[in-house]
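Written below as C-alpha cells is the structure these notes are about.
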Amino acid sequence: MALTNDDRVEIRDLISRYNKAIDTGDADGYANTFTPDGQFIGIVGTFNGRDELRAFAEAYSTEEQYAEFYSAQHWVTNVVADGDADEATVFSHIQMVKPLPEGGTILLVGHYDDIVRKVDGQWLFAQRIVASDA
C-alpha cells in the first residue's frame, strides 16, 4: 500500500523531532528518532545504533568537539517521500544556520537521503545520510 497522507505528516514530524532534538541537546530524543540499529552518515562521521547516536548527540551539544556547529539550527525543506506503509525513501534540503549577534551565517547547504521505517506504528530513521551541496 502506498504512503498515506497520515504517513507523510508523520514522516515530516519525524524530521522536525530530529531537528529539535539535535538543536536543543536532547541526546535521548535524537537517538530515539532512529531504529535501534539506525545509522547516521554525515560530514562529521558515521554513527551506528542508538548508543553511538546518543553519544554523538551528547558530544554535538557541547562546544568542545563540534565547535563549528555548536548552537546551529537545522532548517529542512522540500521533503519528498516515496514508499509504502512500512518503508520509504525521503529526500529533503537542509540549511544549517548559526545564530550570531550580527544576525547569523549559513554553515551548510545540502540535502538528506533517508530511509525511514515504521516500527511499532512509529516512523523512524533506518538510515540518514547528509551531504553538502557545496
Side-chain angles (χ1 to χ4, degrees):
M1 181 168 82
L3 290 173
T4 66
N5 285 335
D6 285 346
D7 289 326
R8 292 177 190 283
V9 168
E10 290 170 17
I11 290 168
R12 286 176 185 263
D13 184 64
L14 170 64
I15 293 167
S16 297
R17 287 186 293 110
Y18 170 99
N19 294 340
K20 180 181 179 188
I22 195 69
D23 290 348
T24 62
D26 179 1
D28 287 329
Y30 174 82
N32 290 332
T33 64
F34 288 84
T35 61
D37 62 346
Q39 179 183 57
F40 174 76
I41 302 171
I43 59 175
V44 296
T46 299
F47 306 93
N48 298 296
R50 285 191 177 152
D51 289 341
E52 284 186 19
L53 292 161
R54 185 176 296 105
F56 162 66
E58 287 171 355
Y60 188 90
S61 68
T62 65
E63 197 165 1
E64 292 81 33
Q65 191 166 353
Y66 297 103
E68 178 182 3
F69 301 112
Y70 181 72
S71 78
Q73 300 170 356
H74 292 69
W75 296 7
V76 178
T77 61
N78 302 325
V79 177
V80 178
D82 294 300
D84 59 34
D86 298 316
E87 184 173 289
T89 58
V90 183
F91 171 90
S92 56
H93 284 111
I94 177 174
Q95 284 188 8
M96 287 182 63
V97 179
K98 184 169 185 151
L100 297 170
E102 62 275 7
T105 188
I106 296 173
L107 300 177
L108 172 72
V109 175
H111 67 274
Y112 287 112
D113 289 304
D114 302 321
I115 298 172
V116 295
R117 289 197 185 107
K118 195 175 257 191
V119 177
D120 296 329
Q122 182 179 20
W123 286 101
L124 300 170
F125 293 108
Q127 183 180 64
R128 177 154 245 219
I129 301 172
V130 61
S132 172
D133 290 342

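Computed from a predicted structure; not experimentally measured.
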Same apolar cluster: Y60 and I94, side chain cutoff 4.5 Å: yes

For the ring pair F56 and Y66, is the centre-to-centre distance below 6.0 Å? yes

Over all atoms of both residues, closest heavy-atom pair of D7 and A2: OD2-O, 4.4 Å

Closest non-hydrogen atom pair, E10 against W123: OE1-CD1, 3.4 Å

Under 4.5 Å between any side-chain heavy atoms of D133 and H93, yes or no? yes

Looking at side-chain heavy atoms only, is the closest gap between I22 and T33 below 4.5 Å? no

Ring centres of Y112 and F91 under 6.0 Å apart? no

For residues V76 and I43: do they belong to one hydrophobic cluster (side chain heavy atoms under 4.5 Å, members Ile, Leu, Val, Met, Phe, Trp, Tyr)? yes

The complete set of salt bridge (charged side-chain N to carboxylate O under 4.0 Å, His left out) pairs with one or both residues in residues 89-99, sequence neighbours excluded, reads none

Worked verdict on V90 versus I15 for side chain to side chain contact (heavy atoms under 4.5 Å, CB included): CA-CA 10 Å; V90 183; I15 293 167; 4.2 Å; yes

Apply side chain to side chain contact (heavy atoms under 4.5 Å, CB included) to the pair L124 and F34, showing each step before the final yes or no. CA-CA 5 Å; L124 300 170; F34 288 84; 5.8 Å; no

Using the rule that two of Ile, Leu, Val, Met, Phe, Trp, Tyr join whenever any of their side-chain heavy atoms come within less than 4.5 Å, decide whether L14 and V9 are in one cluster. no

Residues passing the side-chain hydrogen bond (donor to acceptor under 3.5 Å, both in side chains) test with T35, sequence neighbours excluded, are D37

Please work out whether the ring planes of F125 and Y18 are parallel, tilted or perpendicular, with thresholds of 30° and 60°. perpendicular

Shortest non-hydrogen pair, E68 vs L107, comes out as O-CD1, 3.2 Å

Residue set satisfying side-chain hydrogen bond (donor to acceptor under 3.5 Å, both in side chains) with T46, at least two apart, ordered chain then number -> none

Looking at every heavy atom in both A72 and D23, which two are closest together, and how far apart are they? O-OD1, 3.2 Å

Testing the basics here: between P99 and Q73, what is the closest heavy-atom pair and its distance to 0.1 Å? CG-NE2, 3.7 Å

Answer whether the closest heavy-atom distance between the side chains of H111 and I129 falls below 4.5 Å. no

Taking I11 as the starting point, is it possible to reach I115 by hopping between hydrophobic residues whose side chains are less than 4.5 Å apart? no

Hphob cluster co-occupancy, Y30 + I41, side-chain heavy atoms under 4.5 angstrom: no

Would you give the length of the straight line joining atom NZ of K20 to atom CG of D26, rounded to the nearest 0.5 angstrom? 8.0 Å

Distance check, rounded to the nearest 0.5 Å: Q95 atom CD versus L108 atom CG? 9.0 Å

Do NZ/NE/NH1/NH2 and the carboxylate oxygens of D86 and K118 come within less than 4.0 Å? no

Please report the shortest heavy-atom distance between E58 and A27, naming the atom on each side. CG-CB, 3.4 Å

How long is the straight-line distance from NE2 of H74 back to CZ of F69, given to the nearest 0.5 Å? 8.5 Å

